[in-house]
Protein chains: 2
Amino acid sequence: MAWSIAQVARSSGVTSRTLRHYHSIGLLMPARVAPNGRRYYEQEQLLRLQQILLLRDLGLSLDVVGEVIAHRDEQDAIEVLAKHKEWLVKEQLRLGRLVQTVDATIDNLKRGGEMSPDKVFEGFERNPYEAEARERWGDEAVDASYQRMRGWTEADAEKARTGYPRVHEGLAALKAEGVAVTELSVQELIQLHHEVTCLFWTPTREAYKGLGQMYVDDERFRQNIGSGDDALVEYMRDAMTVYADSKLES
Amino acid sequence: MAWSIAQVARSSGVTSRTLRHYHSIGLLMPARVAPNGRRYYEQEQLLRLQQILLLRDLGLSLDVVGEVIAHRDEQDAIEVLAKHKEWLVKEQLRLGRLVQTVDATIDNLKRGGEMSPDKVFEGFERNPYEAEARERWGDEAVDASYQRMRGWTEADAEKARTGYPRVHEGLAALKAEGVAVTELSVQELIQLHHEVTCLFWTPTREAYKGLGQMYVDDERFRQNIGSGDDALVEYMRDAMTVYADSKLES
DNA sequence: GCTTGAAGTTGACGTAGCGGCAACATCTAC
DNA sequence: GTAGATGTTGCCGCTACGTCAACTTCAAGC
């Protein structure tokens with residue numbers, strides 16, 4: 001006895017549209033299509049439909065469902081399911097991480113709110129060196145730096161404001177004591193300098209050494225860093241060179 | 001300074017296609033569109049893009065992202081995120097259940113089980129004859145019958161409830177009048193009987209004749225149909241035989 | 001026999017978020 | 001002047017159907 005599409009639909013809990021769809025993609029062909037176009041199904045198609053729905057409800061795509069059912073190989077099916085399970089687990093973990101991130105974002109919003117742009121750029125927008133920086137490194141680099149600044153937390157911003165002066169003062173003290181630039185205490189300060197620099201851009205080894213040299217070459221940097229003590233700036237350059245060669249990737 | 005679409009794309013880690021898409025759906029309008037059609041972005045758009053990507057990467061839809069950013073209300077954003085987190089957790093739990101189901105299915109397959117679950121029919125109302133029906137005709141036939149019942153319309157159910165009694169009463173009356181089993185009035189009643197039977201299963205010619213014989217052989221059917229009048233049951237069997245031979249396919 | 005309602009059919013569009021063409025315009029560099 | 005990079009606007013494709021629209025066909029009642 002032949003079943004109409006609506007009977008199959010009701011008995012299997014799907015819509016007739018779904019059955020038509022399965023027909024159109026060749027996943028479940030009716031047993032017979034009458035000359036008037038109506039679809040009729042038999043026992044065999046109902047069984048196949050049950051298998052299709054079972055696999056579909058496991059989250060497999062219809063493509064995969066079709067393949068699994070077509071192959072009729074049990075070992076194959078197990079493999080597909082095992083792979084699918086792996087994917088499910090991965091996806092589950094991803095969602096778990098997302099939940100944590102969302103939580104963190106909510107926390108961040110509740111405490112002091114999101115970094116508003118005004119706050120981030122406070123104290124930097126009128127940077128007297130910006131015009132020259134654009135000239136020297138190009139607009140893209142400068143703007144990229146600004147973009148990076150938007151990712152700052154409050155702590156980052158604090159670090160950016162106070163980091164460089166602390167490095168300069170610390171270096172001056174160590175140099176006065178005659179500490180070699182290869183010493184750990186000096187290198188730790190340079191590391192701080194590097195970290196602060198990385199808040200703006202990420203220098204490669206050569207770029208970082210070039211930055212040290214620029215401090216020496218440019219009178220304004222020399223003045224800003226050494227406050228008259230040109231030897232201090234050279235000391236810093238040497239320390240940066242040591243640091244770059246030992247810690248940075250080319 | 002104006003950024004070209006490719007520059008923005010590179011600095012933000014998205015494709016230019018994505019930026020065009022965001023433009024087309026109004027999520028991120030360029031600062032300026034030159035007469036030649038080229039898009040140019042400014043600092044402001046970059047900031048907005050960062051916010052968009054942040055929210056997008058939390059799994060929010062672009063629609064929602066647009067709303068959150070447009071409203072600029074912190075409390076609103078927190079609410080949306082909290083709701084979104086709930087959804088994420090739910091989805092995560094769903095995946096967890098799926099993993100379990102997949103696992104169970106794999107187990108089932110390994111232990112020689114099939115993918116066609118008789119489980120589907122679990123929880124269905126059992127009638128007192130079911131156990132015997134399974135014994136007599138096998139699980140497959142009974143399950144198929146149950147599935148067929150799920151496809152019933154209201155009219156079908158009504159027919160199933162009232163059909164058999166109407167047949168029995170009608171036959172009793174005709175037999176009392178001495179009408180031959182080959183007469184149209186009798187055959188019309190048998191046709192009704194056949195239709196009702198087809199609501200449960202589809203008998204072939206021989207199966208239908210066997211069914212009539214079973215009514216005679218089985219005491220319970222005899223009692224149910226004839227209410228003591230065994231001759232009525234035999235009358236019905238004969239009528240069914242005539243019907244089967246004239247109307248049913250072997 | 002005629003009307004009506006239920007059930008069927010074939011398109012076609014919509015979904016979310018772009019990817020990936022094609023066909024064409026424009027800019028930049030040598 | 002020509003090539004090559006970079007840009008533009010479409011349009012199709014992807015999942016698994018839902019949801020019309022416009023017809024046709026079937027079963028039942030008068």
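Letters A, B, ... mirror the listed sequences (proteins, then strands); counts begin at 1.
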In whole angstroms, how far is the [atom2] atom of [N] from the [atom1] atom of [X]?
| X | N | atom1 | atom2 | value |
| --- | --- | --- | --- | --- |
| A:D63 | D:dC14 | CG | C1' | 11 Å |
| B:H21 | C:dT15 | NE2 | P | 11 Å |
| B:E67 | C:dA16 | CD | P | 12 Å |
| B:L192 | D:dA28 | CG | P | 12 Å |
| A:I5 | D:dT25 | CD1 | C1' | 15 Å |
| B:D57 | C:dA16 | CG | P | 19 Å |
| B:L62 | C:dC18 | CG | P | 5 Å |
| B:L55 | C:dA16 | CG | P | 18 Å |

Would you mind classifying the nucleic acid contact of [X] as base, sugar-phosphate or nothing, using non-hydrogen atoms under 4.0 angstrom?
| X | value |
| --- | --- |
| A:S16 | nothing |
| B:Y22 | sugar-phosphate |
| A:I25 | nothing |

- Query: Pairs in or reaching into residues 76-103 of chain B: which pass ring pair (Phe, Tyr, Trp, His ring centres under 6.0 Å), with residues at least two apart or in two chains?
  - Reply: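 For residues 76-103 of chain B, and leaving out neighbouring residues, there are no ring pair (Phe, Tyr, Trp, His ring centres under 6.0 Å) pairs at all.
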
- Query: Can you list the steps and then say if A:V33 with A:Y40 is a side-chain contact (heavy atoms from CB on, under 4.5 Å)?
  - Reply: CA-CA 6 Å; A:V33 177; A:Y40 292 101; over 6 Å; no

- Task: Taking only the side-chain heavy atoms of B:A6 (C-beta and beyond), determine which of D:dT6, C:dG17, D:dC17 contains the nearest atom.
- Result: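 Looking only at heavy atoms from C-beta outward on B:A6, the closest nucleotide is D:dT6.
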
- In terms of side-chain heavy atoms of A:R39, which of C:dT10, C:dG19, C:dG17 is nearest?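 Closest nucleotide among those given: C:dT10.
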
Can you check whether [X] has a side-chain N or O nearer than 4.0 Å to OP1 or OP2 of [N]?
| X | N | value |
| --- | --- | --- |
| B:S4 | D:dT6 | no |
| A:T15 | D:dG18 | yes |
| A:R56 | D:dA16 | no |
| B:R38 | C:dT26 | no |

- Between the side-chain atoms of B:R17 and the base atoms of C:dG20, is any donor-acceptor pair under 3.5 Å?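 Between C:dG20 and B:R17, which were checked side chain against base, a qualifying N/O pair under 3.5 Å is present.
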
- Checking only heavy atoms, does the side chain of B:R20 share a donor-acceptor pair with the base of D:dT8 at less than 3.5 Å?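 There is none.
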
- Message: Between B:T18 and B:V14 (side chain of the first, backbone of the second, donor and acceptor by atom type, cut-off under 3.5 Å), is there such a pair?
- Response: no

- Message: Using 30° and 60° as the class boundaries, would you call the ring planes of B:Y164 and B:H193 parallel, tilted or perpendicular?
- Response: tilted

- Item | Residue met sooner reading DNA chain D from 5', once B:N36 and A:S61 are mapped to nucleotides |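 Nearest-nucleotide comparison on DNA chain D picks B:N36.
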
- Could you check if a side-chain atom of B:Y41 sits within less than 4.5 angstrom of a side-chain atom of B:L19, using non-hydrogen atoms only? yes

